[in-house]
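As structure tokens, the structure follows; a few thoughts come after it.
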Amino acid sequence: MLSPLIQLRAEVAARTPGWRDGAPARRQLSQELLRGLSREGCLEIHARGNRLMGFVLSWWEVRSWTGGPLQRVVVEVEPDSAVAADWATRRILELESDLDGPLDLRVNFEQHMLRARLVESGLGIDSVTLVGPPGPALVMLQARWDPPRQLDHLGLTIVPMAPHHVDAALALHRRVFQAAPEFCWFGARPERLLRLRREFQRSGLGTRHRVVLRDERVVGVASASVQSDPCWGRKAGLELVLDPSIQQKGIAKTVYLDLLDWLVESGADCVCGGTAQPAVMHLGRAMGRVPFETSHRRGASFPRSPFDLVLGRASEARRLAPV
């Protein structure tokens with residue numbers, strides 16, 4: 001029953017450079033769909049004759065990746081079908097109108113028509129997920145900016161996170177995202193901070209945690225982790241939070257240099273992460289990362305323009321790429 005759904009989802013995902021279409025990736029896609037169905041999920045299908053044109057699968061997760069409950073929605077349509085995009089938008093809006101809690105809705109970058117209809121209907125872009133290999137990103141970062149390895153000229157130092165830094169690191173997360181929830185609507189929630197505490201206290205070959213200090217006070221937190229993923233190979237995630245007092249000073253470039261160096265040494269194949277920050281999108285684009293998907297929610301307050309800078313340029317680059 002799931003085979004046509006997996007086929008459509010894999011075909012769309014495989015348009016993104018770095019995606020590893022094959023049996024392991026398709027098994028993971030299948031497991032995601034089966035997980036939703038096993039949790040009393042609702043599956044709706046749009047077909048033309050015997051051809052699948054789109055589907056919407058939704059289910060409730062009590063403990064999600066945000067640390068709290070949300071309604072997870074998996075949607076895929078034939079990217080070039082306006083009829084399928086209209087159908088999926090109607091289904092999602094009907095679902096969203098009955099919800100009391102947050103919606104976890106991600107739309108593949110190639111779904112241009114579906115994304116446009118969702119935005120027009122009030123489900124704005126909350127963040128964009130960028131992907132790309134760390135090796136070329138490191139080379140492009142050094143070639144374009146050649147950032148310093150340390151921040152002594154700013155009175156700052158980057159050091160490994162120690163146990164006595166953890167409380168201050170969490171307080172920084174809470175302070176930054178309480179003041180600017182548009183950058184991460186769940187970033188200051190207690191359940192999210194508890195999950196972060198566990199991550200900060202975990203050490204090993206697959207994680208790297210750094211803090212930026214000013215006179216022993218934590219003013220920045222940076223993390224990287226690597227894990228095997230059948231869709232991306234050795235997949236890495238990055239996170240960077242800076243106190244407003246040290247933003248827009250080029251600090252992110254030095255921190256990325258540190259993390260990318262480590263990711264290359266660790267053999268990471270791909271860096272994958274979501275962001276709503278224009279500066280991070282600018283850096284990601286300059287380092288060769290491309291959009292994989294957009295997240296949507298009602299109340300997303302960002303204008304389209306920062307995202308269009310990434311999404312529009314990526315569309316042009318893919319259109320002009322040699323076949």
Side-chain angles (χ1 to χ4, degrees), residues 1-39 41 43-47 51-59 61 64-66 72-81 84 88 104-112 114-115 127-137 205-207 224-238 263-264 266-275 284 288-296 310-311 314-315 317-318 321 323:
M1 180 184 74
L2 293 181
S3 182
L5 282 65
I6 297 166
Q7 178 68 22
L8 175 60
R9 198 149 172 79
E11 287 177 355
V12 176
R15 299 187 184 192
T16 300
W19 177 272
R20 300 187 174 192
D21 190 17
R26 295 192 178 210
R27 276 196 298 272
Q28 178 158 298
L29 295 179
S30 175
Q31 289 168 5
E32 179 185 39
L33 298 178
L34 287 171
R35 183 171 68 251
L37 290 171
S38 70
R39 298 183 180 184
L43 175 63
E44 298 186 70
I45 290 176
H46 176 61
R51 180 182 175 186
L52 177 70
M53 299 300 293
F55 70 90
V56 176
L57 172 62
S58 62
W59 69 93
E61 290 193 353
S64 70
W65 58 275
T66 66
R72 177 88 166 90
V73 178
V74 174
V75 57
E76 208 71 76
V77 299
E78 284 282 355
D80 299 323
S81 172
D104 181 11
L105 171 62
R106 307 175 207 176
V107 175
N108 188 280
F109 166 74
E110 298 291 341
Q111 302 283 7
H112 302 291
L114 176 58
R115 178 167 40 255
S127 64
V128 58
T129 297
L130 302 175
V131 298
L205 296 177
T207 59
S225 61
V226 183
Q227 60 183 359
S228 295
D229 185 290
C231 301
W232 299 103
R234 285 181 55 77
K235 174 184 171 184
L238 296 179
L263 290 176
V264 171
S266 300
D269 297 304
C270 174
V271 179
C272 180
T275 184
R289 297 173 70 191
V290 298
F292 174 63
E293 62 187 8
T294 50
S295 293
H296 296 256
V310 174
L311 299 175
S315 298
R318 293 189 193 185
V323 177

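With sequence neighbours excluded, the residues satisfying side chain to side chain contact (heavy atoms under 4.5 Å, CB included) with Asp269 are Arg20, Arg234. For Gln111, the side chain to side chain contact (heavy atoms under 4.5 Å, CB included) criterion is met by Val12, Glu76, Val77, Pro79, Val107, Asn108, Leu114, not counting sequence neighbours.
Nearest heavy-atom pair, Gly54 versus Leu8, reported as atom, atom and distance to 0.1 Å: CA-CD2, 4.1 Å.
Checking side-chain atoms of Ser30 against main-chain N and O of Arg26 turns up no donor-acceptor pair under 3.5 Å. Side-chain atoms of Thr16 do not come within 3.5 Å of backbone N or O of Trp19 as any donor-acceptor pair.
With values rounded to the nearest 0.5 angstrom, Leu5 atom CG is found 8.0 Å from Leu57 atom CG. We find the CG-CH2 distance between Leu33 and Trp59 to be 7.0 Å, quoted to the nearest 0.5 Å. Atoms OG and CZ, on Ser127 and Arg106 in that order, are 8.5 Å from each other to the nearest 0.5 Å.
Annotation: side chain of Val74 is not in contact with side chain of Val56 (no heavy-atom distance under 4.5 Å). Val73 has its side chain out of reach of Asp104: every pair of non-hydrogen atoms, C-beta onward, lies at least 4.5 Å apart. The shortest side-chain heavy-atom distance between Phe55 and Val75 does not fall under the 4.5 Å cut-off. Proximity of Val271 to Arg289: side-chain heavy atoms (C-beta onward) are separated by under 4.5 Å at one or more points. Residues Val290 and Pro17 meet the side-chain proximity criterion, which asks for heavy atoms closer than 4.5 Å. Under the 4.5 Å side-chain criterion, counting only non-hydrogen atoms from C-beta, Pro133 is not in contact with Cys270.
When each of Glu78, Glu293, Glu32 is paired with Arg9, the salt bridge (Lys or Arg N to Asp or Glu O under 4.0 Å) condition holds for Glu32 and for no other.
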Give the table of side-chain donor-acceptor pairs shorter than 3.5 Å for residues 226-233, with sequence neighbours excluded, one pair per line with atom names and distance.
unit_1: Asp229; atom_1: OD1; unit_2: Cys231; atom_2: N; d: 2.7
unit_1: Asp229; atom_1: OD1; unit_2: Trp232; atom_2: N; d: 3.3

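Using a 3.5 Å distance cut-off with no hydrogens or angles, the side chains of Arg115 and Thr294 do pair a donor with an acceptor.
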